[in-house]
Amino acid sequence: SSPVLFEDTVIVQCDVKKDGFAAKFDAATGKELWRIPRTDVSIGSWGTPGVIRAGNRTQVVLNGYPYIAAYDWNNGKELWRLKSEGDVPVPVPFLAGNYIYVANAHGGKAPLYAIRTDASGDISLPAGSRTSSGVAWSQERNGSYLQTPVVHKGIAYASTSNGVWKAYDATTGERLYEQRLGGGTTGFTSSPVAAGNHVYVTSEEGETYVI
């Protein structure tokens, strides 16, 4: 995981099999401001923290396994948690519009979640459902393993590592279309980038596809 610098502080996510933790430090002095144990994280995470400011609170969202969780930026108190369906997560949680988007896709399922910014408590999905009190919508097989999806002009885009490109209505989660890039033999591990009226995704062979 990469640390995140936010308002003169540094947020660190250290998800390991033993003695995992998350912590906040003063960026100028290195003074520890808070530290929370994440000892129930059973598998390591490669995710970078997402610092989300929405409404009247700022939350630190950590993409982990077996749960995704958010903590109060001020004191580290847990705000909500969501049982995850994909292990060893990599994508970074991010805010777009009214939702926090989190994806992972290694092992088990390959979910994409749209989480309400005012979520609270345990927002895990009930059996047989793709929504909960805190999850506006989710897709079971979005496929983003290494790439962080992107939301642009009301559409959420995500790609599998072998180039299956999918687009969803960012508000409802309805799948709008999918297509394969690179003929199925090309690897995709970089995150897509949006600008203007286009989304750009670059393959491991150095070819950039314009959507």
Side-chain angles (χ1 to χ4, degrees), residues 1-107 111-124 134-135 144-151 158 189-195 202:
S1 302
S2 298
V4 171
L5 179 66
F6 182 79
E7 292 193 348
D8 299 323
T9 66
V10 176
I11 305 294
V12 174
Q13 177 180 358
C14 183
D15 282 355
V16 291
K17 292 184 178 181
K18 183 179 180 181
D19 299 328
F21 68 92
K24 174 183 172 182
F25 301 90
D26 184 286
T29 66
K31 178 183 178 181
E32 184 175 290
L33 303 176
W34 54 253
R35 175 183 291 252
I36 52 171
R38 285 173 57 80
T39 53
D40 48 356
V41 176
S42 60
I43 297 177
S45 166
W46 299 97
T48 294
V51 181
I52 309 295
R53 173 169 286 168
N56 59 358
R57 70 182 186 182
T58 301
Q59 50 191 303
V60 177
V61 183
L62 304 185
N63 193 0
Y65 184 85
Y67 63 88
I68 301 159
Y71 304 90
D72 189 302
W73 179 78
N74 293 304
N75 54 30
K77 179 182 177 181
E78 184 176 293
L79 300 172
W80 56 261
R81 66 167 52 196
L82 167 64
K83 183 173 175 57
S84 181
E85 299 169 293
D87 62 22
V88 195
V90 177
V92 181
F94 65 95
L95 175 70
N98 296 322
Y99 299 140
I100 300 166
Y101 295 87
V102 187
N104 46 55
H106 183 273
L112 171 62
Y113 304 104
I115 301 166
R116 303 182 193 279
T117 57
D118 61 353
S120 180
D122 188 344
I123 62 170
S124 299
V135 179
S144 286
Y145 169 33
L146 298 173
Q147 312 96 318
T148 298
V150 66
V151 174
T189 51
S190 66
S191 299
V193 175
T202 301

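This is a predicted model, so every value here is computed, not measured. Along the sequence shown, residues carry numbers from 1.
- Pairing each heavy atom of Tyr65 with each of Gly86, the nearest pair is CD1-O, 3.5 Å.
- For Asn104 and Asn63, the side-chain atoms include at least one donor-acceptor pair closer than 3.5 Å.
- For Thr148, the side chain to side chain contact (heavy atoms under 4.5 Å, CB included) partners at least two apart in sequence or on another chain are Pro91, Val92, Phe94, Ser191.
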Discussion item. Could you go through Val193 and Val150, starting from their C-alpha distance and side-chain angles, then the distance that decides it, and tell me whether this counts as side chain to side chain contact (heavy atoms under 4.5 Å, CB included)?
Written reply: CA-CA 7 Å; Val193 175; Val150 66; over 6 Å; no
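- When all heavy atoms of Pro93 and Val102 are compared, the closest pair comes out as CB-CG2, 3.9 Å.
- Between Pro192 and Gln147 the shortest side-chain heavy-atom distance falls below 4.5 Å.
- Taking each heavy atom of Val135 and Leu82 in turn, the nearest pair found is CG2-CD1, 4.1 Å.
- Donor-acceptor pairing under 3.5 Å is lacking for the side chains of Thr117 and Asn98.
- Under a cutoff of 6.0 Å and an axis angle of 45°, Arg38 and Phe21 do not form a cation-pi pair.
- Between Asp72 and Arg57 there is no salt bridge, since no side-chain N of the basic residue sits under 4.0 Å from a carboxylate O of the acidic one.
- Heavy-atom neighbours of Asp8 CG from other residues, nucleotides or ligands within 6.0 Å: at or below the threshold of 12.
- The two residues Ala27 and Val10 come nearest to each other via the heavy atoms CB-CG2, 3.9 Å.
- With sequence neighbours excluded, the residues satisfying side chain to side chain donor-acceptor pair (under 3.5 Å) with Asp122 are Ser124.
- Scanning all heavy atoms of the two residues, the minimum distance from Val90 to Leu146 falls at CG1-O, 3.6 Å.
- Qualifying side chain to side chain donor-acceptor pair (under 3.5 Å) partners for Arg53, counting only residues two or more places apart in sequence or in other chains: Glu7, Thr58.
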Worksheet item: Hey, mind stepping through Ile100 and Gln59 against side chain to side chain contact (heavy atoms under 4.5 Å, CB included) and telling me if it holds?
Response: CA-CA 11 Å; Ile100 300 166; Gln59 50 191 303; 3.9 Å; yes
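- If you look at Phe6 and Trp73, their ring centroids are closer than 6.0 Å.
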Worksheet entry | side-chain hydrogen bond (donor to acceptor under 3.5 Å, both in side chains) evaluation trace for Asp26 with Thr9 | CA-CA 5 Å; Asp26 184 286; Thr9 66; over 6 Å; no
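- Atom CG of residue Asp19 and atom CG of residue Asp15 lie 12.5 Å apart, to the nearest 0.5 angstrom.
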Discussion item. Using side chain to side chain contact (heavy atoms under 4.5 Å, CB included), reason through Phe25 and Val12 one step at a time and then give a plain yes or no.
Written reply: CA-CA 8 Å; Phe25 301 90; Val12 174; 3.9 Å; yes
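- One finds the CD1 atom of Ile52 at 15.0 Å from the OH atom of Tyr99 (value rounded to the nearest 0.5 Å).
- If you check the side chains of Glu85 and Tyr113, you find a donor sitting under 3.5 Å from an acceptor.
- Heavy-atom minimum distance, Tyr71 versus Glu78: CD2-CA, 3.7 Å.
- From Ile68, atom CD1 reaches atom OG of Ser45 across 9.5 Å, with rounding to the nearest 0.5 Å.
- Considering CH2 of Trp34 and CG of Asn75, their distance stands at 8.5 Å, rounded to 0.5 Å.
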